[in-house]
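One structure is given below, encoded as structure tokens.
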Number of protein chains: 2
Amino acid sequence: MAAGVDVETIRYYEKAGLLPSPARRANGYRDYGGKHLERLAFIRHCRALDLPLAKISRLLELLSQPAAACDDVDRLVESQLERVRIRIRSLRALEKQLSALRSRCAGPQTAAACGILHELVTAAHRESVAHAGEDRAAAAPVTRGGRRKVQA
Amino acid sequence: MAAGVDVETIRYYEKAGLLPSPARRANGYRDYGGKHLERLAFIRHCRALDLPLAKISRLLELLSQPAAACDDVDRLVESQLERVRIRIRSLRALEKQLSALRSRCAGPQTAAACGILHELVTAAHRESVAHAGEDRAAAAPVTRGGRRKVQA
DNA sequence: GTTGACATTGAAGCGGCTACAGGGTTCCAA
DNA sequence: TTGGAACCCTGTAGCCGCTTCAATGTCAAC
Ligand SMILES: [Zn+2]
Ligand SMILES: [Zn+2]
Ligand SMILES: [Zn+2]
Ligand SMILES: [Zn+2]
């Protein structure tokens, strides 16, 4: 029975402590049992939900502690959902920008005449001016904290 | 004038060949000129569009070759747009799954009784059975190609 | 007996930063 | 004057979740 998962990925999980080391055959080959495959399937399903391995690890832990409270599980799903929603919003904004950008050049042109390149350059320029303004505004009240930026 | 960009990031771009090494002052400090800052702003704007550095590199190259054709630029934006749309679709599917999942557990429970954990386990199980089926079906026609999977 | 497809290990690479260690410099206030 | 905060430098390692590679071992088929 094939698990449908790349071998290297499985060994990565093993190293990462998500899967217990399986028994070995006489020749040293790994011998996966039903338990391993169930656990692996669980991990892959959670990964398909884009949960990071650390959180999956926590879920596995709770699976083996039936009496524990499930608050962590619920919060984890909730926060993942929130993450996904935020990501969708930002990707939608991106989509808008990109499709506007695309419409700036119709067909074959030289780089010099390409509306896309042009727009990228001028938008970047606008932003850099805006940033400089922000920084001037922020400079007076706050002298400490924040990461270092570059000087020119 | 601050560029609004983390210093380490800038030096990373320098190492990666996206920004030319700036002139140095007597004390060895980097001295950024207007050209550098424009270029940096361009890079940051493109990164905000989630373009990978390699593609940005290509755009910068074309910026310095005004007579070149802009096909690459147009294709690049198009393919990025496509990428973003695909990502949005898959994230929306994810959102659905996660919000269905969330509704499986209302309030404080033990891990054993948590509908979320339950659903994760059974969904994973269903899928692993399905995968096994796929693999059985695929085993006959194709013997070569494909990456190795795990045996149990 | 030789080929070829499997398995094993450990290490390195991907992208795009981010964080640190271990120094030097600059500036301002007490 | 001195001391400390806040910047700069170089170089290296870490993050995530794999993926790829190199070198070697094992097994079945022809
Ligand atoms: Zn799944
Ligand atoms: Zn164009
Ligand atoms: Zn921008
Ligand atoms: Zn619950």
Side-chain angles (χ1 to χ4, degrees), chain A residues 1-19 21-32 36 40 42-60 80 83 87 90 135 138-140 142-152, chain B residues 1-19 21-32 36 40 42-60 80 83 87 90 135 139 142-152:
Chain A
M1 179 166 103
V5 181
D6 192 297
V7 175
E8 322 286 2
T9 301
I10 295 177
R11 296 202 302 161
Y12 174 77
Y13 292 159
E14 202 181 318
K15 257 189 283 187
L18 282 159
L19 282 175
S21 321
R24 298 307 182 102
R25 294 204 268 251
N27 52 20
Y29 287 18
R30 286 175 178 76
D31 207 353
Y32 297 98
H36 285 91
L40 177 57
F42 182 86
I43 295 172
R44 294 307 296 175
H45 180 68
C46 292
R47 281 297 298 133
L49 296 176
D50 208 26
L51 291 169
L53 295 184
K55 308 243 175 177
I56 298 176
S57 191
R58 179 79 185 114
L59 290 178
L60 286 167
Q80 178 67 7
R83 259 188 32 162
R87 190 93 188 91
S90 93
D135 285 346
V142 176
T143 312
R144 23 211 136 289
R147 282 186 72 62
R148 41 255 156 77
K149 312 291 176 179
V150 161
Q151 311 259 335
Chain B
M1 176 167 101
V5 181
D6 191 296
V7 174
E8 322 281 4
T9 301
I10 296 177
R11 297 202 302 171
Y12 175 77
Y13 292 159
E14 201 181 320
K15 257 190 284 185
L18 282 158
L19 282 174
S21 322
R24 298 304 183 106
R25 293 205 269 253
N27 53 16
Y29 287 19
R30 287 175 179 75
D31 206 353
Y32 296 99
H36 285 90
L40 176 57
F42 181 86
I43 295 172
R44 292 309 295 174
H45 180 69
C46 291
R47 282 297 297 133
L49 297 175
D50 207 25
L51 290 169
L53 294 184
K55 308 243 175 178
I56 298 176
S57 192
R58 178 79 185 117
L59 290 178
L60 286 167
Q80 179 68 5
R83 259 188 32 162
R87 191 95 187 88
S90 90
D135 285 347
V142 176
T143 312
R144 22 211 137 290
R147 283 184 72 62
R148 43 256 156 74
K149 311 292 173 174
V150 160
Q151 310 260 334

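Lettering follows sequence order; numbering is per chain, from 1.
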Exercise. B:I43 pairs by side-chain contact (heavy atoms from CB on, under 4.5 Å) with which of B:L19, B:T9, B:L51, B:I10?
Worked result: B:L19
Problem set entry | D:dT19 OP1/OP2 closer than 4.0 Å to side-chain N/O of A:T9 | yes
For this session: With rounding to the nearest 0.5 Å, note down the distance linking CZ in B:F42 to CG in B:L18.
Result: 10.5 Å
Exercise. Taking atom C1' of D:dC8 as reference, at what distance in whole Å does atom CG of B:D31 sit?
Worked result: 13 Å
Exercise. To the nearest Å, how far apart are A:R83 CZ and D:dC16 P?
Worked result: 12 Å
Exercise. Has B:R25 got a side-chain N or O lying under 4.0 Å from the OP1 or OP2 atom of D:dC8?
Worked result: no
Exercise. Starting at the 5' end of DNA chain D and moving along, which residue's nearest nucleotide shows up first, A:A26 or A:K15?
Worked result: A:K15
Seminar exercise, completed: Here the distance between atom P of D:dG14 and atom OH of B:Y12, to the nearest Å, is 17 Å
For this session: For B:Y13 and C:dT18, give me the distance from atom OH to atom C1', rounded to whole Å.
Result: 12 Å
Seminar exercise, completed: In numerical order, the residues of residues 48-56 of chain A whose heavy atoms come under 4.0 Å of DNA chain C are none
Problem set entry | Distance test, side-chain N/O of A:R30 to OP1/OP2 of C:dC6, below 4.0 Å | no
Problem set entry | Nearest heavy-atom neighbours spanning B:Q80 and B:L49 | NE2-O, 3.0 Å
Exercise. Closest approach of B:P22 and B:H36, non-hydrogen atoms and distance?
Worked result: CA-NE2, 3.5 Å
For this session: Select from A:G28 and B:R47 the residue whose nearest nucleotide in DNA chain C is closer to the 5' end of that strand.
Result: A:G28
Problem set entry | salt bridge (Lys or Arg N to Asp or Glu O under 4.0 Å) partners for A:R87, two or more places apart | none
For this session: Mind calculating the distance between CG (B:L18) and P (C:dG16) to the nearest angstrom?
Result: 9 Å
With 3.5 Å as the limit, what N/O pairs link the protein to nucleotides 21-25 of chain C?
{"from": "C:dG24", "atom 1": "N2", "to": "B:Y29", "atom 2": "OH", "distance (Å)": "3.0"}
{"from": "C:dT25", "atom 1": "O4'", "to": "B:Y29", "atom 2": "OH", "distance (Å)": "3.4"}

Exercise. Are B:Y13 and B:I56 close enough that some pair of their side-chain heavy atoms sits under 4.5 Å apart?
Worked result: no
For this session: Let me know the distance between CG of B:L19 and C1' of C:dC17, rounded to the nearest Å.
Result: 14 Å
